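None of the values given here were measured: they were computed from a predicted structure. Nothing fancy with the numbering, it's 1 onward along the sequence.
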Amino acid sequence: MKKALGFIYILLLVVMAAATIVEQYKGTTFVGVHIYGSWWFCLLWALLTAFSIAWIIRRRMRRWSLLLLHGSFIVILAGALLTHLTARRGILHLRQGEESAQYADTEMKLQSLPFTLRLDSFEVQYHEGTASAMDYVSRVTVKDEDSEEAHIISMNSILSHNGVRLYQNSYDMDGRGSVFSVNSDPWGIPTTYLGYALLFFSLLFMLVDPKGAFRRLLRDPLLKKGTFVLALALLPLHNVFGETKETPPTLNRALADKMGHLLVNYNDRICPLQTFAIDFTKKLCGKKSYKGLSAEQVLSGWLFYGEEWNKEPMLKVKGGELLKKLGMDSPLSLNSLFNATQGYKLGPLVSESHYGVEDALHKQARQLDDKLMLIMELRQGVLLKLFPYTDLHGTYWYAPTDSIPDTVESEHKKYITEVFSRLYQDVLDGNESRVGQYFDKMGEYQRMSGGTSIPSNTRIRAERLYNSIPFATVLFMVCLTMGFLTMGYFMRRLVRNTHPLPLPKGGEKGEPLKGGEKRGKLFLRLCVGVMVICFLALTLCLVLRWIIRGTVPMGNGYETMLLMSWLILLASMVAYRRFRIVLTFGFLLAGFFLLVAHISDMDPQIAHLMPVLQSPLLSIHVSIIMMSYALLSLTFICGLTAVALRLLNKNKEQRNEQLVSLALLSKLFLHPAMTALGLGIFIGAIWANVSWGQYWSWDPKETWALITFMIYAIALHERSLPIFRCPMVFHLYMVLDFLSILMTYFGVNYLLGGMHSYA
């Protein structure tokens, strides 16, 4: 029976993993019909449930906490089956003033509603002064036989009436029509939610149950004397190249800084011009400064001294194919991409790229072309949306070259279109006092005409502080450096056959500490102090992003990397008093995730969240999931450490004790990690049900999160699977398991896509 249960379990994992890949080639509808919605897939889950019940009966499981935990999954699967068999879903499209008592189901057949719905109006609500949508709002009237009621349907605000729920799905481009998702699931949802409630309670109880595995681990005497060492790692090499001090003309730093204090509508968000200048500079040369010039000076140079900056070799090119094709070295100047005979050298490659050629050469050409287009749009004034105007319809921000509507008062229109021409002339004439006055007056104009779109002073100061400190860059270098230093300390103690886990507390009978022990104790305390400083700095970083955007910083991959690092540092500080080696784990893991945030393709720009992501459940869901990933990352480091011990330590008796102790530490991380992962997944399902009308859609991210949960859950069944009692087997399994997290977090985002690919 155990073999059959294991076979079905593994088969389900393989099928789900394969389905996410098939979806890339055949589409969501195909896998929804032929895999997730097929009879044989449902049969596999039914067989898994049946064999699990039989196994529980055969093992005579009596502990009610374990029965409740396994029973909750059975209830959840029963709810999913009821949803599959009885739920009704469809789409209802209404134009303004139109009413209907029917909707189209998934097979496009008309079905009846128990009421009549009329669309009174639809409105896209925008963040003040921008074109970034804040919410989609439909005002409707529900008509029963003897009553009429007005309701609002918007993102994260559904209409529930007579057993039917209506969700805001999409809208007509002319703004006079709305599309609603229709969902009726009277049996599946309450059953599934009951399963979730049982699961939440049982997962949390696992951590406090006096007879549970987690509490037994805390009482294990080996944890008080465990001996650990970290695996060898390669120090990252960082080459620093000198730069010439000869710089092209630009505004002086004081004037450029004053220009950076102006506000601009950038990335559909009102922010300091400094933010746009930093992004502009980083996109051109990969850094936020150039030859000692600030980002604001670089921006002003390209804006006011175009001819000189055209000659400046600051356009960074990644990859050698394009450079070889052009016969040049990176970085390039703008002028080097044009000549009298060929014209625009990238023209043919960019044109071929637009027709579908996607090799490395054409990709690099398109990326370089994007940099040139950025410069051109700056020169044309398209990006300089510096001038707000408020009327009865709201606040709009205009660039000097925009087509200003006639509704704008002539005095304002003249100022918007002419001020930059006068400013440009004074810059060329070197009249610095007048240039400064122009910036002052532009700031006054913004505050006078910007209305409620102007951010608060607190938000502006927070953003400028955030822009001035390269948090991820500094912290990843500090954390990795401290990680390698603490690794060397623990390795040295291992060589001397001393225990690196506890702090030295003196010799026998109260003997004073020796000189080396004093230095070691002082060193560890210094390391803890550095970790606390890193934690506080990262906390400041997240708080600043929270203030700037007004929502919890969990909306994209860059922010979740920061959050992961924050949680790792927090967990390390909590565990340090018991396990000294966690210092190394915490520094290296936090440093790794901060390094990923620093060098990866994630976009660190702060933008408004899409309306559906503004639910408070998002913060809970993401933070709990990230907490679980942070803890599971520590089990991965434990596994790598065990592999290194197996290879490096020739003392068999000492090595075995170390491996056992390390396995206990890893399991101590694994139990709360699984609790957090389970809670996070199913809180996400509740959020999905509130936002989209279905709690599980087999999106690739959802599917791989479930796969990760199921894979790690295997290691918790040590009594049923005695092979995991071998420490080395357990550690190798933890190392391999981590691949599923990498696939869930990175693989889905960059390879598979789906609704969750934003983070």
Side-chain angles (χ1 to χ4, degrees), residues 12-32 35-37 41 76 80 155-156 192 196 199 552-564 567 593 596-597 600-603 609-615 617-633 673-674 676-713 737-759:
L12 271 170
L13 291 173
V14 173
V15 169
M16 289 189 293
T20 61
I21 298 174
V22 172
E23 184 175 351
Q24 286 298 104
Y25 299 95
K26 295 291 187 177
T28 302
T29 303
F30 179 88
V31 295
I35 299 181
Y36 300 131
F41 189 70
I76 290 171
M155 304 305 297
N156 300 310
T192 303
Y196 289 169
L199 178 68
V552 181
M554 300 179 186
N556 55 45
Y558 181 84
E559 290 177 343
T560 52
M561 284 289 96
L562 297 180
L563 178 62
M564 181 86 82
L567 290 169
F593 286 114
V596 171
S600 71
D601 290 333
M602 297 177 184
D603 190 351
L609 291 178
M610 60 183 77
V612 75
L613 299 182
Q614 296 176 19
S615 167
L617 286 174
L618 168 69
S619 305
I620 302 173
H621 165 62
V622 174
S623 60
I624 293 178
I625 288 285
M626 290 298 103
M627 184 183 301
S628 70
Y629 287 172
L631 293 172
L632 292 175
S633 299
M674 291 300 293
L677 184 56
L679 293 176
I681 289 174
F682 294 110
I683 288 174
I686 294 173
W687 171 39
N689 192 42
V690 170
S691 299
W692 290 292
Q694 56 186 80
Y695 49 82
W696 197 264
S697 61
W698 295 108
D699 178 75
K701 180 79 82 171
E702 295 174 354
T703 305
W704 272 100
L706 179 60
I707 291 172
T708 299
F709 183 83
M710 293 175 66
I711 289 176
Y712 274 98
D737 274 1
F738 193 68
L739 296 176
S740 67
I741 292 182
L742 295 178
M743 183 63 190
T744 303
Y745 193 85
F746 295 105
V748 171
N749 289 1
Y750 300 112
L751 299 177
L752 301 182
M755 290 188 298
H756 291 76
S757 59
Y758 55 83

Please evaluate residues Leu567 and Tyr629 with respect to the criterion side-chain contact (heavy atoms from CB on, under 4.5 Å), reporting the C-alpha separation (whole Å), side-chain torsions for both, the decisive distance (0.1 Å), and the verdict.
CA-CA 9 Å; Leu567 290 169; Tyr629 287 172; over 6 Å; no
Rounded to the nearest 0.5 Å, what's the gap from OG1 on Thr28 to CG on Asp699? Could you check?
8.0 Å
Looking at every non-hydrogen atom in both residues, tell me the closest pair between Ala19 and Tyr36 and how far apart they are.
CB-OH, 3.3 Å
One should read off an interatomic distance between Leu12 CG and Met710 CE, to the nearest 0.5 angstrom, of 5.5 Å
Under a 3.5 Å distance rule, please check whether Glu702 uses its side chain to pair with a backbone N or O of Ser697 as donor and acceptor.
yes
Rounded to the nearest 0.5 Å, what separates atom NZ in Lys701 from atom CG in Leu706?
14.5 Å
Kindly compute the distance separating CH2 (Trp704) from CG (Leu742), expressed to the nearest 0.5 Å.
10.5 Å
Compare every heavy atom of Thr744 with every heavy atom of Ala705, then report the nearest pair and how far apart it is.
N-CG2, 3.9 Å
Does any part of the side chain of Ser628, heavy atoms only, come nearer than 4.5 Å to the side chain of Phe709, both counted from C-beta?
no
Partner residues of Ser633 under the side-chain contact (heavy atoms from CB on, under 4.5 Å) criterion, sequence neighbours left out:
Leu589, Phe593, Phe738
Quick one: list whatever passes side-chain hydrogen bond (donor to acceptor under 3.5 Å, both in side chains) with Thr192, sequence neighbours left out.
Tyr695
Just so I know, are the side chains of Tyr196 and Ile681 near enough to count as touching, which here means a heavy-atom distance under 4.5 Å?
no
Could you walk me through whether Trp698 and Val31 satisfy the side-chain contact (heavy atoms from CB on, under 4.5 Å) test, starting with their C-alpha distance in whole Å, then the side-chain angles of each, then the deciding distance to 0.1 Å, before giving a yes or no?
CA-CA 9 Å; Trp698 295 108; Val31 295; over 6 Å; no
Roughly how far, to the nearest 0.5 Å, is CD1 of Ile741 from CG of Leu632?
4.0 Å
Give me the atom names and distance for the closest heavy-atom approach of Tyr712 to Ser740.
CE1-OG, 4.0 Å
Side chains of Thr20 and Thr703: any donor to acceptor distance under 3.5 Å?
no
From OG1 (Thr708) to CG (Leu677), nearest 0.5 Å:
7.0 Å
